[in-house]
Amino acid sequence: MAVEFRVLGDLDVRVDGRTVRIGHARQQCVLAALLVEPNRVVATGQLISRVWGDEVPDGAAATLRGYLSRLRQALAGVDEVRIVRRHPGYLLAVDPDRVDLHRFRALTEQARRTGDDATAIGCLERALGLWRGEAFDGLTTPWLAAYRQTLDRQRLAAALDRNDIALRRGAHARLLPDLLDLSGRHPWDERLAAQAMLALYRCGRQADALEHFHRLRHRLAAEIGADPSPPLAQLYQQILTADAAIAPPDLPDGGEPSSTATGTARNAGAAPRQLPASPGVFAGRTVQLARLDEQLGDAGRPDGAGSPVVISSIGGGGGVGKTWLALRWAHANAGRFPDGQLYVNLRGFDPTSDPVEWPVAVRGFLEALGVEPARVPADPEAQASLYRTLVAGRRLLVVLDDARDAATVIPLLPGTPTSAVLVTSRRQLAGLVTTHGARPLPLDVLPDDEARELIVRQVGAARVAGQPDAVADILRFCGGLPLALGIVAARAVLNPDLALSSVAAELTTAVSPLDALAGDEVTTNLRVVLSRSLAALTPAAAQVFALLGLAPGPDIGRAAAASLTARTPEQLRPPLRELLDAHLVQEHVAGRYRMHDLVRSFAVERARGDPAGSRSAMRRLVDHHLHTAHAAALLLSPQRDPLTLAPAVPGVTAERLDDLAAALAWFTGEHQVLLAIIEYAAGNGLDVATGQLSWTLATYFDRQGHWHDWATVARRAVESTRRRGDRPAQAQAHRLLAGACSNLGRYAEAQRNLLAALDLFAALGDDEGRAHTHFDLSMLHDRQRQPREALPHARRSLALYERVGGPLKQAVALNAIGWYHSQLGEHHDAITYCRRALALSEQAGSAYGQANTWDSIGFAHHHLGEYEHAVDCYRQALALFTDIGDRHAEGIVLDHLGDTWAAAGRADAARDAWRRSLALYEELGHADAEAVRRKLHR
């Protein structure tokens, strides 16, 4: 297995391209402390100091051992990594090249050793490109803070070295935006100031270069009473006199570093970087790129000049290259927008799914901007208002791709003129031009010279020059359509022995002509090109291609694609490889696949030729997700009563998930796909699957704070169960919807759904369902701080469980009764009930039930002033929740433990418990984080 540790940004561990969850922030600090010194023993005391600083908690050594044990579990099966106990501490055995920090240092050292500028700048660009933000982002300890400063200095030094070489190679124009950005963040660095002055001068901005010097000189004089250094003063004189010694070097264009280098010197911090990759092969569009430069020339200025918000709207037919042009310009100009880039594909003309509504896009932007899911307002208009508030005054580039209409775009526009917006659409969006002053940029097919340039760049100049007539035929047939040109060129590249005349003959002898030759809409044009590309595939690959087009959602995983096509993952590998080589499918993330929307449209047309086969394939896909999600849900919450699923249809191979971490990772990766699958099932008569899929997602959505999505799928479950008259399932769906509404603070709606469930269970004579619902009602009242109203429901729940439930369910109800007694100040009664609950939980072998009950008993002891007993109880609960992997519950117990330490006069221990609680809440994006934060600052 290939492992990669990334610390130049947030701490990110990947195995074979898959993200591995390392745990909460404190546990990540342990790994960070070992990663900085791979293959060297770090003493236990040193580790503790690095992780906790001066505020070492009681039992730190035992806690550290627990963290190391869980780290070993997370990295189990990765032969390249071992955490070894070796006196006097621990050692992380790993190839340093697997850690981006050590790759960064090796590359910078290589750059400084070499005498060749091209080699040096290549090393430095790769080194700086490893940075994704602030090192160890999100982790805060005194040691890490100091170490982070050291790394920041090393990063700046590498950037300055890179800048010197780039300026020697004549890259001043491309380098200038980053130099100015860096100068703003390092105003005292005279070497950087000299680089910025030189770049300004060479770009024809002599006055700006001189002003840059004057600002630094005034700052030095006013704040430290010093003058600029002699080298900087000399450069000032050279600029003042236009000294020929500082003129731009006379280098060919190829001597300049690539434009991608200019972005590496930025300190991304928490700035979003959502742009997809720039087109790998791009030609022409020089006029349009210049127009975009002109249209967006006033955008991104710190002073907000150029009001109102600058909007450019690229319009044209499908496949004409709107997205390619937008991304090309966006990447080339990213340095002008140091606060980041936001991107969304609005799927306005996606042939297989509905357009993305603006509230969905806003929520995606809020997530990219770091808003915790639990803190997103329920009202879409309030979400849009929060989005505008967050981006106000920031220098952002917002790319809105494939918009269907102006109404979708307008709510996504920033409210201040410091940002710029780039929109692509197949429509003119006249309303956007009229009401918001958007500057339209119509895009047509490539002219012949630019189309030929694209073919040359992909196929090679020698091959093109040798067969001019065939190339002319290809260009005429493709009509300058960039996507068609790319597919035909890929066919030629993948068959180097095939004459271009043969490629041209296949195209020109096709049954249908390319409609683009007449300048019409391009949907039918691509059909011919894609048919010829498809004809070159094996039958297996052609069948997989058609079925992949049916998959809803943004992409599809390899295992799901295997079930969709009724193949094993191994059987699927060869046809997938064919599709990737033919550029018909993209593997944008390891093991996940997607199609361009036009290619997907063609695939759907192919699938429609076999409607029965398409329906069977989609049923397999639904069953794949249902059975895998069901297994994952039970790993997340083993105490849930499992569903009774019908056997999966033939051809389905559900994914095997071995543990809680694997289940959570699967849900995270498939989140958006599962939402799309539920929408498909609900709209295509698969009502049973709709309700069951909603059930499988409840625990994941609850623990991760995705309550808006939970409410959406729960409503689909209520609708589907009502349609088929399945009253037991309908009752359960009402309970699920109530849980989502309760977390969203929609208490009245939650109560309505619970009462509806209660009526259904009563009519069915289902006492266990009634017991569950009474328990839910008690929890709903508890959430509203109404223990007196909660207690009768908990008692009713217990009475019913004593008739129909096992010991665990009785224990849960008894614990709730005890908890409500504590809330009412009746702490001795609370302990009596909770001790009964604890005995039943032990009898049932439920670690979860025991943990919850220990927490309740600890709460009662705390309020009786029996602080030592309370601490013991909380430690019992904490150990159990840690073993279970319920991070939310760990956070709750740590919060309670902090309260007890504070009441006992142990302020340091209280702060440590609250810090650990806060780290978990922040990792989960939970709303209770703010309350804990207030305790730490009082």
### Query
side chain to side chain donor-acceptor pair (under 3.5 Å) between His793 and His774: does it pass, once the steps are laid out?
CA-CA 5 Å; His793 287 291; His774 277 295; 3.1 Å; yes
#### Entry: Cation-pi, Tyr90 ring and Arg85 (6.0 angstrom, 45 degrees)
yes
### Task
Answer yes or no: is there a donor N or O on one side and an acceptor on the other, between the side chain of Ser69 and the main chain of Arg65, under 3.5 Å?
no
### Task
Spell out, as yes or no, whether a donor-acceptor pair under 3.5 Å connects the side chain of Trp914 to the backbone of Leu936.
no
### Task
Could you tell me whether the side chain of Glu890 and the main chain of Leu920 form a donor-acceptor pair under 3.5 Å?
no
### Heavy-atom check, side chain of Arg14 versus side chain of Arg18, under 4.5 Å
no
### Message
How close do Val51 and Thr141 get, counting heavy atoms only, and between which atoms?
### Response
O-CG2, 3.4 Å
#### Entry: Ser846 side chain vs Glu842 backbone, donor-acceptor pair below 3.5 Å
no
### Query
What is the minimum heavy-atom distance between Tyr874 and Thr900, and which atoms define it?
CE1-OG1, 3.2 Å
### Query
Do Ser694 and Arg716 pass the side chain to side chain donor-acceptor pair (under 3.5 Å) test, and can you show the C-alpha distance, the side-chain angles, and the key distance before you say yes or no?
CA-CA 8 Å; Ser694 175; Arg716 293 288 181 269; over 6 Å; no
### Task
Verify, without hydrogens or angle tests, whether Gln732 (side chain) and Pro728 (backbone) share a donor-acceptor contact under 3.5 angstrom.
no
### Task
Apply side chain to side chain donor-acceptor pair (under 3.5 Å) to the pair Asp899 and His862, showing each step before the final yes or no.
CA-CA 9 Å; Asp899 293 343; His862 168 100; over 6 Å; no
### Query
Cation over ring, Arg735 on Trp695, under 6.0 Å and within 45°?
no
### Ion pair Arg21/Asp12, N-O distance below 4.0 Å
no
## Note on the structure
Note: Ala929 and Tyr921 closest approach over all heavy atoms is CB-CB, 3.6 Å
### Task
List the atom of Leu777, the atom of Leu758, and the distance in Å for their closest heavy-atom pair.
CD1-CD2, 4.2 Å
#### Entry: Residue pair Phe365 / Leu390, side-chain heavy-atom distance below 4.5 Å
no
### Query
Quick one: do Arg132 and Asp137 make a salt bridge, cutoff under 4.0 Å?
no
### Task
Walk me through it: do Val36 and Phe136 pass the test side chain to side chain contact (heavy atoms under 4.5 Å, CB included)?
CA-CA 11 Å; Val36 300; Phe136 303 103; 3.8 Å; yes
### Query
Going by atom types only, do Arg783 and Asn743 share a side-chain donor-acceptor pair under 3.5 Å?
yes
### Message
My understanding is that only residues two or more places apart in sequence, or in another chain, count here; which of them pass side-chain contact (heavy atoms from CB on, under 4.5 Å) with Arg785?
### Response
none
#### Entry: Ion pair check, Arg916 and Asp912, cut-off under 4.0 Å
yes
### Query
Do Ser917 side-chain atoms and Gly891 backbone N/O form a donor-acceptor pair below 3.5 Å?
yes
### Task
Measure from the side-chain N and O atoms of Asn753 to the backbone N and O of Glu749, and report whether any donor-acceptor pair falls under 3.5 Å.
yes
### Task
Step by step, work out the ring pair (Phe, Tyr, Trp, His ring centres under 6.0 Å) result for His863 and Phe859.
CA-CA 6 Å; His863 287 83; Phe859 186 88; 4.2 Å; yes
### Task
On the 0 to 90° scale, with breaks at 30° and 60°, tag the His861-His869 ring pair as parallel, tilted or perpendicular.
tilted
### Query
Which atom names give the shortest non-hydrogen contact between Gly858 and Ala870, and what distance separates them?
O-CB, 3.3 Å
### Task
Over all heavy atoms of both residues, which pair between Ala860 and Ala830 is shortest? Give the atoms and the distance, please.
CB-CB, 4.3 Å
### Task
Kindly indicate, with the supporting measurements, whether the criterion ring pair (Phe, Tyr, Trp, His ring centres under 6.0 Å) is fulfilled by Phe775 and Tyr801.
CA-CA 10 Å; Phe775 183 80; Tyr801 280 141; 7.3 Å; no
### Query
Are there more than 12 heavy atoms of other residues, nucleotides or ligands under 6.0 Å from atom CG of Asp54?
no
### Message
Between Thr44 and Pro88 (side chain of the first, backbone of the second, donor and acceptor by atom type, cut-off under 3.5 Å), is there such a pair?
### Response
yes
### Message
Can you tell whether the side chains of Lys809 and Glu802 come within less than 4.0 Å, N to carboxylate O?
### Response
no
### Query
Does atom CD of Glu37 have more than 12 heavy-atom neighbours from other groups under 6.0 Å away?
yes
### Query
How about Asp659 and Leu635: do any of their side-chain heavy atoms sit closer than 4.5 Å?
no
### Task
Indicate the ring-plane relationship of Trp52 and Tyr67, choosing parallel, tilted or perpendicular according to the 30° and 60° boundaries.
parallel
### Task
List the steps and the verdict of side chain to side chain donor-acceptor pair (under 3.5 Å) for His781 and Gln786.
CA-CA 5 Å; His781 284 297; Gln786 298 170 343; 2.7 Å; yes
### Task
Answer yes or no: does atom CZ of Arg86 have more than 12 heavy-atom neighbours from other residues, nucleotides or ligands under 6.0 Å?
no
### Query
When you measure from the side chain of Arg148 to the backbone N and O of Ala135, does any donor-acceptor pair fall under 3.5 Å?
yes
### Query
Checking Thr63 side chain against Gly59 main chain: does a donor-acceptor pair fall under 3.5 Å?
yes
### Query
Hey, are the side chains of Arg770 and Arg796 touching, using non-hydrogen atoms and a 4.5 Å cut-off?
yes
### Task
Indicate yes or no: at least one non-hydrogen side-chain atom of Phe5 is less than 4.5 angstrom from one of Leu31.
yes
### Query
Can you say whether the rings of His821 and Tyr833 are parallel (under 30°), tilted (30 to 60°) or perpendicular (over 60°)?
parallel
